[in-house]
Amino acid sequence: MPLDELPDWLPAWCLDHLGGEPAEVLFQSQQVSMVFGLRLADGREVVVKARADDGRAASCVAAQARMAERGFPCARPLTPVVGVGALAVHAERYRPGGEVLHGDSPEIAVRCAEVFAGLMAELAGMTVAPPLPNPPWVRWDHLDSGLWPAIDFLDSRDQSVVSEHIVETAERARGRLLTAGLPCVLGHADFEAQNLRWEGRQVWAVHDWDSLAWQPEAALVGAASGSFASAGSPTLAPIESSEAFLVAYQDIRGRLFTVVELEVAWAASLWMAAYNAREMALCGGSLAGGEALRTQAAERLRRANA
C-alpha cells in the first residue's frame, strides 16, 4: 500500500501518539481489525490496529501490555486505546519472525496446549474489566433472538446455504454451554496456528490479543483444542488431537477438569466450529471445516453430553 493510500487520520495519529509520521508501509491487512505495519520516519517499526469501537479494546490492550511486561512472547503495546471517530485505535511494537506450525497431530496438539496453559496461567493473575461483548465465535451466551449472535453482514445473506447439520450441532452445543453454570475467566479465544509463530520448539509470538474473551476456562480450552490447527481457513482438529490438547492442558495446570467442565470443553469446540462453518458457507469460503464438523459432530456431542 502506498503511503498516500493510508487512511487520512493515520499519519497525524502516528505523529501525535508515536512521535513520528509513517515513512513506509510494511504490510496491511483487514479482517475484524484494520492492521497497518509501518516504518516511521525515525526508523521505528510499529503496528497500528483500528477496529470498530465496541468497548472491548481497552481491556484487551491492557491485558496484552501486562503479558508483555511479564515476559510472555507477544508484541508490547506502545499506546493505550484511543478513540478516532467510531474506531478504537492503538499501536504496538512490530514483532516479526518465527514460523507457523502446521499440522493437527496429537504431538502438535500437546505443544500448542503447553503454550495455551502458560497463557491462561498468566491471565489468571490479572484484573481487567471483562472484554465484552465476547468475539462472536465464542458468544454462545448472546441475548439476540435466534441461534447465532446478530451480525448484519452474515444475517443478511441467504441462510439456506448453511447445512442443517451445522445448525443442529450449534443448537445442541449451545444448549449444553448455557446450562453449565461455570464461572468466567479471561482467556484467548482465537488460538489458531495462524496466530502463533515458532522458532524451533519455542513459541516466538502469540498474536491477536484483540480476541480475548470472558468465558469459562473449560470452554476456552475446549475452543482452542478444536481450533489450534487452523493455519488459514478455519478447520476442526481430529478428535484424538483435541483430546491430547485437553489432557496436556490439565496436566500442565495441575488440575483435572470435572465431568461438567470436560463436557463444556467438547461443547465449546463444536460451537466454534459450527460458527466458522456457517460463516464459510455464507461467504463462499472453504467448506473443509464444515466437512470435519459433519464427520466428528456425533462423537463430540456424545462427549459433551449434548
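What you see is a predicted model, and the numbers here were worked out from it, not measured in a lab.
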Going from OG on S269 to CG on L246, what distance comes out if it is rounded to the nearest 0.5 angstrom? 8.0 Å

Going through the checks in order, is the side chain to side chain contact (heavy atoms under 4.5 Å, CB included) test met by R66 and E69? CA-CA 5 Å; R66 294 182 196 176; E69 289 167 2; 4.3 Å; yes

Can you get from F245 to I108 by hopping between Ile, Leu, Val, Met, Phe, Trp and Tyr side chains that sit under 4.5 Å apart? yes

Ignoring hydrogens and angles, tell me if any N or O in the side chain of S241 forms a donor-acceptor pair with the backbone of A109 under 3.5 Å. no

Ion pair check, R111 and E114, cut-off under 4.0 Å: no

Looking only at non-hydrogen atoms, find the nearest pair between L212 and R56 and report the distance. O-NH2, 2.9 Å

Pairing of E299 and R302 as salt bridge, 4.0 angstrom limit: yes

Do L38 and V25 touch side chain to side chain, with heavy atoms closer than 4.5 Å? yes

Does any N or O in the side chain of S242 come within less than 3.5 Å of the main-chain N or O of S225, such that one atom is a donor and the other an acceptor? yes

Taking 4.0 angstrom as the limit, do D208 and R197 come out as a salt bridge? no

Find the distance between OG1 (T169) and CD (E171) and round it off to the nearest 0.5 Å. 9.0 Å

Could you see if V82 belongs to whatever hydrophobic cluster contains V128? Use Ile, Leu, Val, Met, Phe, Trp, Tyr and a side-chain cutoff under 4.5 Å. no

Closest non-hydrogen atom pair, I151 against Y275: CD1-OH, 3.1 Å

Approximate separation, where rounding is to 0.5 Å, of L256 CG and D251 CG: 7.5 Å

Intermediate values then yes/no, side chain to side chain contact (heavy atoms under 4.5 Å, CB included), V221 and Q250: CA-CA 10 Å; V221 179; Q250 294 170 80; over 6 Å; no

In the single-linkage hydrophobic clustering (I, L, V, M, F, W, Y; side-chain heavy atoms under 4.5 Å), do V61 and V35 co-cluster? no

Flag, side chain of N195 to backbone of H207, donor-acceptor distance under 3.5 Å: no

Validation row: E243, W266 side chains within 4.5 angstrom (heavy atoms): yes

Here the pair of heavy atoms bringing A23 nearest to L3 is O-CD1, 3.2 Å

Assigning hydrophobic clusters by single linkage (Ile, Leu, Val, Met, Phe, Trp, Tyr; side-chain heavy-atom cutoff under 4.5 Å), is M280 placed with W137? no

Pairwise side-chain contact, P133 with H142, heavy-atom cut-off 4.5 Å (strictly under): no

Residues E291, R294; criterion salt bridge (Lys or Arg N to Asp or Glu O under 4.0 Å); working and verdict: CA-CA 5 Å; E291 288 305 307; R294 184 191 300 275; 3.7 Å; yes

S33 side chain vs R51 backbone, donor-acceptor pair below 3.5 Å: no

Interatomic distance, C112 atom SG to L119 atom CG [nearest 0.5 angstrom]: 12.0 Å

Test item: R278 and Q159 side chains (from C-beta on) under 4.5 Å apart, heavy atoms: yes

Looking only at heavy atoms, which two atoms of G103 and F228 are closest? And how far apart? O-CE1, 4.1 Å

Hey, are the side chains of F36 and P7 touching, using non-hydrogen atoms and a 4.5 Å cut-off? yes

Any side-chain heavy-atom pair from L220 and E217 closer than 4.5 angstrom? no

Quick one: list whatever passes side chain to side chain contact (heavy atoms under 4.5 Å, CB included) with A273, sequence neighbours left out. L236, L293

For A91, is there any backbone N or O sitting under 3.5 Å from a side-chain donor or acceptor partner on T79? yes

Might you point out which heavy atoms bring I166 and A274 nearest each other, and give the distance in Å? CG2-O, 3.5 Å

Is any side-chain heavy atom of V89 less than 4.5 Å from a side-chain heavy atom of H17? no

Would you please classify the geometry between the W140 ring and the W271 ring as parallel, tilted or perpendicular, with 30° and 60° separating the classes? perpendicular

Do the side chain of Q296 and the main chain of A237 share a donor and acceptor less than 3.5 angstrom apart? yes

At what distance, to the nearest 0.5 angstrom, does CG of N305 lie from CD of E263? 4.0 Å

Determine whether more than 12 heavy atoms belonging to other residues, nucleotides or ligands lie under 6.0 Å from atom CG of D42. yes

Looking only at heavy atoms, which two atoms of W209 and C60 are closest? And how far apart? O-CB, 3.3 Å

V110 reachable from V203 in the ILVMFWY side-chain graph, under 4.5 Å edges: no

Using 4.0 Å as the upper bound for N to carboxylate O, is an ion pair formed by E168 and R172? yes

Between the main-chain N or O of T235 and the side-chain N or O of S230, is there a donor-acceptor pair closer than 3.5 Å? yes

Side chain to side chain, D190 and H188, heavy atoms closer than 4.5 Å: yes

Nearest 0.5 angstrom please: K49 NZ to H90 NE2, how far? 5.5 Å

Mind telling me whether Y249 and F257 have parallel, tilted or perpendicular rings, with 30° and 60° as the class edges? tilted

Test your reading of the model: is there a side-chain donor-acceptor pair from R95 to the backbone of V206, 3.5 Å cut-off? no

Donor-acceptor pair, distance only, cut-off 3.5 Å: does the side chain of R93 make one with the backbone of R44? no

